[in-house]
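Every heavy atom of this structure was used, including side-chain atoms; hydrogens, water molecules and symmetry mates were not. Every chain is numbered from 1, with letters handed out A, B, ... down the list of sequences. All of these numbers come straight from a predicted model, not from anything done at the bench.
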2 protein chains.
Amino acid sequence: MSNEPVRGPGSPTLEDVARVAGVSRATVSRVVNGVRNVDPEIQETVRQAVAVTGYVPNNAARSLVTRRVGSVALVVSGAGEEEDEVGEDGFSTRQIFGDPFFGRVVGGIVGYLRPRGIHPVLMLADTADARSQVLAFLRQGNADGALLVSTHAEDPLPRLLTEAGQPAVLFARPARPLAISYVDCAHHDGGSLAADHLVARGCDRVATIAGPLDVPASQDRLAGFQNAMARHGRPYVPVVEGNFTLGSGVTAMERLLVEHPDLDGVFAANDLMAQGAVLVLREHGHRVPDDVAVVGFDDSSAALACRPQLTTVRQPVENMAAEMASLLLTTLDQPDRRVTSVVFEPTLVVRQSA
Amino acid sequence: MSNEPVRGPGSPTLEDVARVAGVSRATVSRVVNGVRNVDPEIQETVRQAVAVTGYVPNNAARSLVTRRVGSVALVVSGAGEEEDEVGEDGFSTRQIFGDPFFGRVVGGIVGYLRPRGIHPVLMLADTADARSQVLAFLRQGNADGALLVSTHAEDPLPRLLTEAGQPAVLFARPARPLAISYVDCAHHDGGSLAADHLVARGCDRVATIAGPLDVPASQDRLAGFQNAMARHGRPYVPVVEGNFTLGSGVTAMERLLVEHPDLDGVFAANDLMAQGAVLVLREHGHRVPDDVAVVGFDDSSAALACRPQLTTVRQPVENMAAEMASLLLTTLDQPDRRVTSVVFEPTLVVRQSA
DNA sequence: TGGGAAAGGGAGAGCGCTCTCCGTCGTGCT
DNA sequence: AGCACGACGGAGAGCGCTCTCCCTTTCCCA
């Protein structure tokens, strides 16, 4: 084993390490990747050679032959439309990345992927153009698969991905049945939890601010809420549709207050809208929860930022996101496994607002 | 040009396209990459062959020879420490990704990069382990360079990156001088803007909630604020240190209220803390802005979510983030250019809280 | 009309790695 | 002692692409 520093023009290659260690390229590869048995003594020699040369494997060369790059795409689909354009490229993305719910998703995914040495590539797919960009990206082998967080129902991307045969896992069940893995939450049960809690609290005149009704999750939360209320003998519940933003919660609550000034309970389909509702209620002089109880959904950071802090239906988002990543990696390792989906149960987190 | 579908075992390669088009591999490559002159007629033939075969270039093979992968790392450095661990892998990341300020940064970066077909790889570097992971990632050629958003001062990563000769651009000036490009905001001027506004409003007993004082941005905001106040004849301003979270704003405001119950103006070094301050003030029966005026910093979504909406010093974060990406791409194209930095001017956004 | 340059296409050598095959041992069994 | 087999290292063929040469063709100008 010679001891000269070994400087190629660029960074050291397997060949360099092999030369220093006095073995073949194949052996170094075996040691680096830990495949097959290699004599412990030789292993040690190779490791030292790696250290001496400062060798780092070139991932491009590796994936060229393995057909795996060791990274996944994190696709946020159907974010904002054309609105909110600023500057040459448009910053319509601000909204989605600022969403505390989305923050939890990313956190969960990164938490799972990172210990495994995998890092997500952030992509937006809000236009047809962007969608084909995502597809091309995957087909070029820039990522092994996709984690897809869709924000609206008619997103064509899940279908496109399955058609292209690209491994993917969705956050939330697709609007129409599709042979694709997904992770979801039992939104229906979540709606029930909210209803049960409001009724148990003694609320009698209850309304709800639903999410966009083309999204399955919104439908389920609403249905679960309505069914449970019906079970409690209140078959008719005023409903106003929002779009999951704080602003829409404000608007919805204002409308509810006009139409039903004697409300004593509100279930909002997410925390941001619940926060908006609370703001309006307080501005109109209603105490929360004494006059009107408010229940949110998600248990996002908005629930804590709100005053009073929100009682909310908690989705185990981080766990769901981690499961999503886990499912994808499994799919990658066993390509012919059939699609699997996992549904998590929500829980009620009681704080001050109800 | 034969018309059979041409099915290799995997996806079609340059070779396949060349065969279909009846030209050489090199020519197809030239057409695909748009380099050198190629006879228009042949170009057309090749394009058709590409369409017929459904050819997509393999990026691994390409970067193996070009030494460029066409992606950059977006590194969030020094996020949470060991706190907030949940599940096997820890979700300490929740906080940072939920931060509305961070959302704007990501939005700005993605907005700039996306039209250029580049997508950021999300990485966390909150531990020594994670830092070497980032370094290895770059050295393996998984990304061409790094965009670094540091949240605390003593982050060693900027230095590590320069030492490793990896192209990188920072968000915010490094704590100690370093030969590295960065983008920043004139925090000092921002602090002055806040002071001027509070004084102009007639506030006389003003305090400030500073950010963590080991961060240059916090220092500058504070200094700018204090200097301007001194200029207005108020050399002594009560200061409490926070850490940029809503909770710390709450704590800080409570302390200020105890020590200076007759306050009539507060400058918080970011919106989240300002929001916390407003919550406390209102809980204690102070009207905002009538009794106490509050000015925040950042103009994040928290400024809008807050009631009353925050008057705040706006950092053009999206533009700054875009500039950061732009600087990095320039560096990649011209490796021997010397480091450059850009500093943006903040502006005052007057809303209801002051 | 000859010569030179420019234009444009093809051949082929790698980029750095993995992986299959093959050869060479050492070992245990008959 | 002979043989089969397992263990382990090396050789070499690519993975799909880019890019430097080199060769042919065309065209312009003297």
Side-chain angles (χ1 to χ4, degrees), chain A residues 1 6-47 49-50 53-70 136 138-142 144, chain B residues 1 6-47 49-50 53-70 136 138-142 144:
Chain A
M1 173 175 164
V6 180
R7 283 271 84 202
S11 49
T13 73
L14 259 198
E15 193 74 53
D16 297 327
V17 180
R19 203 174 322 114
V20 171
V23 297
S24 77
R25 213 169 55 240
T27 301
V28 178
S29 173
R30 287 196 266 258
V31 172
V32 169
N33 296 302
V35 303
R36 256 185 55 175
N37 271 343
V38 174
D39 187 278
E41 200 171 322
I42 296 188
Q43 276 194 42
E44 190 43 35
T45 314
V46 170
R47 273 186 225 300
V50 167
T53 52
Y55 170 75
V56 178
N58 178 319
N59 201 40
R62 179 179 282 172
S63 21
L64 184 53
V65 31
T66 58
R67 261 92 229 301
R68 285 280 291 274
V69 289
L138 288 167
R139 299 188 53 208
Q140 288 183 13
N142 289 304
D144 297 326
Chain B
M1 171 175 163
V6 181
R7 283 273 83 202
S11 48
T13 73
L14 258 198
E15 192 75 52
D16 297 327
V17 180
R19 204 176 318 117
V20 171
V23 297
S24 76
R25 214 170 54 240
T27 301
V28 179
S29 172
R30 288 197 263 257
V31 172
V32 170
N33 296 302
V35 304
R36 258 188 49 177
N37 270 345
V38 175
D39 187 280
E41 199 171 324
I42 295 189
Q43 277 194 41
E44 190 44 35
T45 315
V46 170
R47 273 187 225 299
V50 167
T53 51
Y55 169 75
V56 178
N58 177 319
N59 201 41
R62 179 177 283 173
S63 24
L64 184 55
V65 31
T66 58
R67 261 95 228 302
R68 284 281 290 273
V69 289
L138 289 166
R139 299 189 52 207
Q140 288 182 12
N142 289 304
D144 296 327

query = Roughly how far, to the nearest 0.5 Å, is OH of A:Tyr55 from CG of A:Asp16?
reply = 9.5 Å
note = By nearest-heavy-atom nucleotide on DNA chain C, the more 5' of B:Ala26 and A:Thr66 is B:Ala26
key: Interatomic distance, A:Arg30 CZ vs D:dG12 C1' [rounded to whole Å]   = 13 Å
query = B:Arg62 has an atom CZ; how far is it from atom P of D:dC15, in whole Å?
reply = 18 Å
message = If I compare all heavy atoms of B:Pro57 with all of B:Arg62, which pair ends up nearest, and what's the gap?
response = CB-NH2, 3.4 Å
inquiry  = What is the separation between atom CG on A:Asp39 and atom C1' on C:dG26, rounded to the nearest whole Å?
reply    = 13 Å
query = Across the strands shown, which category fits A:Val35 at heavy-atom distances under 4.0 angstrom: base, sugar-phosphate, nothing?
reply = nothing
key: Side chain of A:Leu64 (C-beta onward), nearest among D:dG10, C:dG9, C:dG16   = C:dG16
remark   = Atom CD of B:Gln43 and atom P of C:dA7 are separated, to the nearest Å, by 15 Å
query = Of A:Thr27 and A:Val65, whose closest DNA chain D nucleotide lies nearer the 5' terminus?
reply = A:Thr27
query = With no angle test and no hydrogens, is the base of C:dT18 tied to the side chain of A:Arg25 by a donor-acceptor pair under 3.5 Å?
reply = yes
task = Let me know the distance between CG of B:Leu14 and C1' of C:dG10, rounded to the nearest Å.
result = 14 Å
ask   = Under 4.0 Å between a side-chain N/O of B:Asn58 and OP1 or OP2 of D:dC15, yes or no?
value = no
query = What nucleotide among C:dG16, C:dT18, C:dG10 has an atom nearest to a side-chain atom of A:Ser29?
reply = C:dT18
query = OP1, OP2 of D:dG16 versus side-chain N and O of B:Thr13: anything below 4.0 Å?
reply = no
request  = Find the distance between CG (A:Asn142) and OG (B:Ser63) and round it off to the nearest 0.5 Å.
outcome  = 8.0 Å
inquiry  = How many whole angstroms separate atom CZ of B:Arg68 from atom C1' of D:dC19?
reply    = 17 Å
query = When you measure from the side chain of A:Ala61, which nucleotide among C:dC17, C:dT18, D:dC15 comes out closest?
reply = C:dC17
ask   = Which whole-number value in Å describes the distance from B:Asn59 CG to D:dC17 C1'?
value = 10 Å
Rounded distance [0.5 Å steps], CG in B:Asn58 versus OG1 in B:Thr13 = 9.5 Å
message = Rounded to whole Å, how long is the line connecting atom CD1 of B:Ile42 with atom P of C:dA7?
response = 16 Å
query = How far does CZ of A:Arg30 sit from CG of A:Asp39, to the nearest 0.5 angstrom?
reply = 12.0 Å
